[in-house]
Structures are given as C-alpha cells and as structure tokens.
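Side chains included, hydrogens not; waters and symmetry mates left out as well; all remaining heavy atoms used.
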Amino acid sequence: MSHAIDAEHHRRGLAITGLGGLALSFDIPLLRSGDGEVWSVLALRSLCTFAVALVAWVVLNRLMGKKIALIPGKAGLAAGLLYGINSFTFLLAVFNTSTANVAFILAFTSMFAALMSWIFLKERPSNATLVTMAIMIFGVGLIVHDGLESGNFFGDAMAASTAFLLGGAITIGRASGKDMSLVPLATAIFPAIAALALLSPAGFSVAHPEWIMFDGLIMLPIAFFCLATGPRYLSAPEVGMFYLLETILAPIWVWMVFAEVPTSQALLGGTILILALIGHSLWQMRRKSARTVAAAAQ
C-alpha cells in the first residue's frame, strides 16, 4: 500500500512540476514582448506577482480555511531572499545576452540542486548524476566561451547566478519540508521595492505593459506555485529537471516571434545540455521502474 501511495505522490509531483515548467517557458518571450527598460519591467512584474500572492493567501486562509503562511519561518525567508535576488539576476541576464544562452544555462539548475543536496542534505548524487554534471559543465563552458567572444559574458554570468540561486531555493524547500508554494510570489516585493528605487526620474518605461502584467499576474504565479510545491513530492534534482522545459521551449517561442537565431556554438552547448538531461531523466525513470517492480515482487 505504501508503494502505491509513494507512486501516486510521485505522479502528482510530476504533473504539478511539469505544469510549472511549461508556464515558465513563456516568461522570457513575454518579457521581451513588453519592450521596456529593465528596472521598469522588474518593478511591474514583481508588483503583479506580489499582488497575486496576497490574493492567494487571503483565498486559501480565509475562504478555504487552510493554514498556509506567506513566508513559513526562517527557511521560508532564506528561500525567499534567494528567489528575490534571482529576479534581479534573471532580468539582467535577459537584457544582456541572448534568450537561448539564458535558457540553456538555466538548465544547470538541476545540477546545482544536486550539488547542494549533496553538500547540505547529505543526499549523495548517483554516479550517473555526477557524469551528467560533468557533461553539462562542458556544455555550459561552450556557451559562456561564446558569450566571452560576443561580448555577452555579463549576461551569461547572470544566467549562471540565476541557476545557482534557484538550485539553492529548491534545496532549502526540500530540506525544510514546509509548504513553500507562496514564498516565490510573496518575496517578489523585495525586488519590486529595489527596482522602484532604481527607476530613472522619467518613471516607468514599458511600451507594452499588458504583456508584463500577463506574465506577472498569471504565468509566473502558476510557474512558481507549481515549482515551489514540487519538492514536497519529488527530490530536488527531479524538480530542477523541469526547468528543462524552459530550456527547450523558450528559444523556440522567441525564434517564432522575434526571429532571434542562436549562434552555432550556443546551439552546440545547449544540445549537449539537453541530451545530457534527457539521458539522465530516462535513466532515473528506468531505475524507479525497476525498484517498483522489485518492491511489488517482494
């Protein structure tokens, strides 16, 4: 019976986190569609996300009777600070390098999560995960080297910082075991305040604010809610794997809308990352299936 419950929890985690990864893949295209100045975009996007957090908290606690904290204790605050700083690094990456570079480098989130789980939670990665990590480091190296040659190194570095911060937030959520579903949304107030302080005297400068508001009010809350809930059902590396959907889909959406074609070296590095992650995911699925069969036999 316990194995059936575990399998049901795992399937629920896969569905929730998969939806989050799909919603997140539209983030960069929507930000690009807004056509605004970086601090204006960050302020508007973050304020919309924070507003959703307040509404969701009221609905869940007052109307549905659930006890969900906006920021559950010190662990929630620590994860929230990482999510808040991540908003800065992500926007700086989007505005300073190509979409493909950002999306490909963010694929390293799962490996950062695996490393931190190993260091802080003593969850040693399997040998297959370590091999995958080594291959992905090579792929990221190709992309960053291309960024150095094209003058996009700062944007690539911000994308790598974003992956590191997300890996840290996922690991904290996994370690605490608390409901972190509202944390990424509620702590959006931190980057919002900072971005408002950094605005130019001219004020907001966003040509198409409706796209940024759609992203902040709908797509981003869905993505963050699902991805923050995922660690309750899946391991940190598995949750990080679903950022792969953004890696694959975001460059496709941007290519379709903006005709932005990534460089051949970035494509090579991204292909290495994607194949490594797909291979690792298939291996994990096969391993879980074998364990389930063995448990059922016993």
Asker: Show the numbers, then the answer: is there a side chain to side chain contact (heavy atoms under 4.5 Å, CB included) between Leu70 and Leu54?
Answerer: CA-CA 8 Å; Leu70 276 175; Leu54 291 181; 4.1 Å; yes
Asker: Can Val102 be reached from Leu249 by stepping across I, L, V, M, F, W or Y side chains whose heavy atoms are under 4.5 Å apart?
Answerer: yes
Asker: Given 3.5 Å as the limit, does a donor-acceptor pair link the side chain of Ser176 with the main chain of Gly173, or not?
Answerer: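 Yes; judged by distance alone, with no hydrogens or angles, the pair exists.
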Asker: Which heavy atom in Thr129 sits nearest to a heavy atom in Ala114, and how many Å separate them?
Answerer: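 Minimum heavy-atom separation between Thr129 and Ala114: CG2-CB, 4.1 Å.
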Asker: How many angstroms lie between atom OG of Ser33 and atom CD of Glu210, to the nearest 0.5 angstrom?
Answerer: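 Reported value, rounded in 0.5 Å steps: 9.0 Å.
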Asker: Below 4.5 Å, heavy atoms only, C-beta onward: do Leu19 and Cys226 meet side chain to side chain?
Answerer: yes
Asker: Under a 4.5 Å side-chain heavy-atom rule over Ile, Leu, Val, Met, Phe, Trp and Tyr, are Val52 and Trp211 clustered together?
Answerer: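 Hydrophobic grouping puts Val52 with Trp211.
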Asker: Do other residues, nucleotides or ligands put more than 12 heavy atoms under 6.0 Å from Phe138 CZ?
Answerer: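 Count not over threshold, so no.
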Asker: Which atom names give the shortest non-hydrogen contact between Ala43 and Leu196, and what distance separates them?
Answerer: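 Heavy atoms of Ala43 and Leu196 come nearest at CB-CD2, 3.9 Å.
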Asker: Decide yes or no for Arg45 and Leu91: does some side-chain heavy atom of the first lie under 4.5 Å from some side-chain heavy atom of the second?
Answerer: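 Heavy-atom side-chain distance check passes, below 4.5 Å.
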Asker: Rounded to the nearest 0.5 Å, how far does CD1 of Ile143 lie from CG of Asn152?
Answerer: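 If we round to the nearest 0.5 Å, Asn152:CG and Ile143:CD1 are 12.0 Å apart.
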Asker: For the CE atom of Met213 and the CG atom of Leu47, what is their distance to the nearest 0.5 Å?
Answerer: 10.0 Å
Asker: Between Ile212 and Cys48, does a side chain to side chain contact (heavy atoms under 4.5 Å, CB included) hold up when you go through it step by step?
Answerer: CA-CA 9 Å; Ile212 307 300; Cys48 288; over 6 Å; no
Asker: Is there a donor-acceptor pair closer than 3.5 Å between any side-chain N or O of Thr49 and the backbone N or O of Gly216?
Answerer: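 Such a contact is found between Thr49 side chain and Gly216 backbone.
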Asker: So do the side chains of Leu185 and Tyr83 get within less than 4.5 Å of each other, counting heavy atoms only?
Answerer: no
Asker: Which value, rounded to the nearest 0.5 Å, describes the distance between Met158 atom CE and Thr97 atom OG1?
Answerer: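 OG1 of Thr97 is found 11.5 Å from CE of Met158.
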Asker: Quick one: closest heavy-atom pair of Gly203 and Ser40, and the distance?
Answerer: O-OG, 3.9 Å
Asker: Considering all heavy atoms of both residues, which atom of Met116 and which atom of Gly167 are nearest to each other, and what is their separation?
Answerer: SD-C, 3.7 Å
Asker: At their closest point, which heavy atom of Ala23 faces which heavy atom of Ile222, and how far apart are they?
Answerer: CB-CG2, 3.9 Å
Asker: Determine whether Ile252 and Leu268 fall in the same hydrophobic cluster, where Ile, Leu, Val, Met, Phe, Trp and Tyr are linked whenever their side-chain heavy atoms lie under 4.5 Å apart.
Answerer: no
Asker: When Met136 is tested against each of Leu273, Leu275, Ile274 for side-chain contact (heavy atoms from CB on, under 4.5 Å), which residue passes?
Answerer: Leu273
Asker: In this structure, would Ile105 and Leu92 fall into the same cluster of hydrophobic residues linked by side-chain contacts under 4.5 Å?
Answerer: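 Yes, it is one cluster - the side chains of Ile105 and Leu92 are joined through contacts under 4.5 Å.
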Asker: Report yes or no: do Thr99 and Arg32 form a side-chain donor-acceptor pair below 3.5 Å?
Answerer: yes
Asker: Above 12 or not: heavy atoms from other molecules or residues under 6.0 Å from CZ of Phe153?
Answerer: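 Check fails, neighbour count at 12 or below.
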Asker: Could you tell me if the side chain of Ile135 sits less than 4.5 Å from the side chain of Val131, heavy atoms only?
Answerer: yes
Asker: Within the structure provided, determine whether Thr162 and Leu165 are in side-chain contact (heavy-atom separation under 4.5 Å).
Answerer: no
Asker: My understanding is that only one of Trp39, Phe190, Phe95 makes a ring-ring contact (aromatic ring centres under 6.0 Å, His included) with Phe88; could you say which?
Answerer: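 Considering Trp39, Phe190, Phe95, a ring-ring contact (aromatic ring centres under 6.0 Å, His included) with Phe88 is found only for Trp39.
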Asker: About how many Å separate CG of Leu142 and CZ of Phe104, when rounded to the nearest 0.5 Å?
Answerer: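 Going from the CZ atom of Phe104 to the CG atom of Leu142 covers 11.5 Å.
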Asker: Evaluate the side-chain proximity of Pro262 to Trp255: yes if any heavy-atom separation is below 4.5 Å, no if none is.
Answerer: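 Side-chain contact under 4.5 Å: no.
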Asker: Roughly how far apart are Leu166 CG and Thr89 OG1, rounded to 0.5 Å?
Answerer: 7.5 Å
Asker: Quick check: are there more than 12 heavy atoms from other residues, nucleotides or ligands sitting under 6.0 Å from CZ of Phe164?
Answerer: no
Asker: Can you confirm whether Leu22 sits close enough to Ser25 that some side-chain heavy atom of one is under 4.5 Å from a side-chain heavy atom of the other?
Answerer: yes
Asker: Ignoring hydrogens, what is the shortest heavy-atom contact between Ala266 and Asn101? Give both atom names and the distance.
Answerer: CB-OD1, 3.3 Å
Asker: Are Leu130 and Ile272 joined in one hydrophobic group, where the rule is that I, L, V, M, F, W and Y side chains link up if heavy atoms are under 4.5 Å apart?
Answerer: no
Asker: Counting C-beta onward and ignoring hydrogens, is there a side-chain heavy-atom pair between Ile28 and Trp253 closer than 4.5 Å?
Answerer: no
